[in-house]
Amino acid sequence: MKKRVWFALSLTLLLALTACGGGNTSTGSTSTSSGSASAQNQTENQAQNQAQNQEAAATQYPLTIVNYTKAEGGTEWEEKEQVFDKAPERIMANTRPAAEFLLHLGLGDKIVGVGANFGAPDPAVEEEYNKLNILSDGYVGKEVTLGTDPDLVYGRGGLFENADWGVGTVDVLNDMGIHTYVLESSITGGTYESVYKDIENLGKIFNVQDKANAFIQELKARQEVISTKLAGITEEKTFALLFMSDPSEVSVYAAHAESFFNDAFHMVKLENVFETNTSDEVSVESLIGADPDVLIVPDWRTYDGSDPNTLKEALYNNPKLSSMKAIKNKQIYAVDYNYMFGYGYNTIDGMEQLAKEMYPDLFK
């Protein structure tokens, strides 16, 4: 029952909701000395240039970052500037992936609260994450958010609402003197490339550009591995998301407006068969008619320990779906909720896992 209630809430939210050397007087060694001095000068000049470049890259406050806002209950995001006189000291992260993101930038000591404590953990920062102030396993409201006394509320855009599950709108929080940062990856039009922009912006806000740049390079290298391994696959397969938790109830989510979600699956040569749908409501009959090559189901193990194979087997044995290619070819895969709708860097973890499951021979 708990999972069904949480599932219903999640689906509702989904639908609503990157120096010179000294001279040498010895004539016997003039050539050697001159060469040595020249090399020393070159090394020292390089060091000075590097120091100057690092100094130039350092954040100069006040810093203006162009971010986003939208009207309460609205769907259209508009640009809004956030001006930082200094690096924030107290950050409320509205989801687990948002908090893990900050940990990769070395900002754990600034996180005063974390909402939505669910989804697959990032092993690289799991130990540090477990020491944070976890506010709730589910989404948290404005009152709980304000209770952390934040000077920055940050994370997934869809949660910036004045609702019992929302941290408050951007405008309301800003009017209270609290800065906000809405992940660009989480708003309409966001893609995995937006993750890099988010990392770059956070690096500037907190003056940790070195860590931000290193993190970007790490993620891009992982993307490149996937791209290289799948380079021989010239045509994308189609897929559909069955956003379901009850094995007996087939529920299709078109995710037509989920630009980040759809872009992420392009990494592994998958195209959402309902991406151009005019509505997120899709009947089972429409699913059968579309007949995608692959079916994706949520992996709920990190939420309640349930085995995704239960969903898979129920779908494989569902007589109504028996004519579908994905059923006949055993092409159902489970992906953690946060890898699909966490709008963060760790989506690449899910895409790596999915690529290895779909094309095991290419990842040997």
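Positions are given from 1 along the sequence. Keep in mind it's a predicted model, so treat the numbers as computed, not measured.
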In plain terms, say whether R96 and E100 are close enough for a salt bridge, that is, a side-chain N and a carboxylate O under 4.0 Å apart. yes
Any side-chain donor near an acceptor of the partner, R156 and N94, under 3.5 Å: no
Please determine whether a side-chain nitrogen of the Lys or Arg among K220 and E224 lies less than 4.0 Å from a carboxylate oxygen of the Asp or Glu. no
Among side-chain atoms of T64 and Q82, is any donor-acceptor pair under 3.5 angstrom? no
Verify whether one side chain among N117 and S136 offers a donor that lies under 3.5 Å from an acceptor in the other. no
P292 and T238 have their tightest heavy-atom pair at CA-OG1, 3.2 Å
Using the salt bridge (Lys or Arg N to Asp or Glu O under 4.0 Å) criterion, which residues pair with D361? Sequence neighbours excluded. K364
Which pair of heavy atoms, one from E271 and one from E236, lies closest together, and at what distance? CB-OE1, 3.5 Å
Residues Q331 and Y333: side-chain donor-acceptor under 3.5 angstrom: yes
With sequence neighbours excluded, residues passing side chain to side chain donor-acceptor pair (under 3.5 Å) with D210: none
Of V252, L241, V250, L242, the residue whose pairing with L295 passes side chain to side chain contact (heavy atoms under 4.5 Å, CB included): L242
Counting N and O atoms only, with roles assigned by atom type, does the side chain of K70 sit under 3.5 Å from a partner on the main chain of G74, one being a donor and the other an acceptor? yes
Under 3.5 Å, is there a donor-acceptor pair between the Y337 and D299 side chains? no
Excluding sequence neighbours, so at least two apart, what forms salt bridge (Lys or Arg N to Asp or Glu O under 4.0 Å) with K80? D171
Keeping Y316 on the side-chain end and I332 on the backbone end, is there a donor-acceptor pair under 3.5 Å? yes
Do Y345 and R222 get their side chains close enough for a donor-acceptor pair, meaning under 3.5 Å? no
Ignoring hydrogens and geometry beyond distance, is a side-chain donor-acceptor pair present between Y253 and E258 at under 3.5 Å? yes
Among all residues two or more places apart in sequence or in another chain, which pass the side chain to side chain donor-acceptor pair (under 3.5 Å) test with S279? none
Side-chain H-bond candidate by donor/acceptor type, D307 with N309, under 3.5 Å: yes
Do we see a donor-acceptor contact under 3.5 Å between the side chains of T69 and E79? no
Just say parallel, tilted or perpendicular for the rings of F118 and Y139, cut-offs at 30° and 60°. perpendicular
Under a side-chain separation threshold of 4.5 Å, the hydrophobic residues clustered together with V170 are Y68, W77, M92, L135, V140, V144, L146, V153, F160, V167, V172, L173, M176, I178, V182, I187
Kindly indicate, with the supporting measurements, whether the criterion ring-ring contact (aromatic ring centres under 6.0 Å, His included) is fulfilled by F274 and H256. CA-CA 6 Å; F274 295 117; H256 79 285; over 10 Å; no
Looking only at non-hydrogen atoms, find the nearest pair between P88 and L152 and report the distance. CB-CB, 3.9 Å
So for atom NZ, which belongs to K131, do other residues, nucleotides or ligands contribute more than 12 heavy atoms lying within a distance under 6.0 Å? no
Look at R90 together with D151 and state whether they make a salt bridge at an N to O cut-off of under 4.0 Å. no
Go through the steps to decide whether Q209 and T59 satisfy the test side chain to side chain donor-acceptor pair (under 3.5 Å), and finish with yes or no. CA-CA 8 Å; Q209 290 90 332; T59 299; 2.9 Å; yes
Does the pair E285 and K320 meet the rule for a salt bridge (Lys or Arg N to Asp or Glu O under 4.0 Å), with working shown? CA-CA 9 Å; E285 288 71 25; K320 194 170 184 178; 2.9 Å; yes
For F261 and F341, what are the C-alpha separation, side-chain angles and deciding distance, and is it a ring-ring contact (aromatic ring centres under 6.0 Å, His included)? CA-CA 7 Å; F261 168 91; F341 300 109; 5.1 Å; yes
Partners passing side chain to side chain donor-acceptor pair (under 3.5 Å) against N262 (at least two apart in sequence or in another chain): N272
Would a distance-only check, ignoring hydrogens and angles, find a side-chain to backbone donor-acceptor pair under 3.5 Å from N277 to A254? no
Would you call E89 and K110 a salt bridge, taking side-chain N to carboxylate O under 4.0 Å as the test? yes
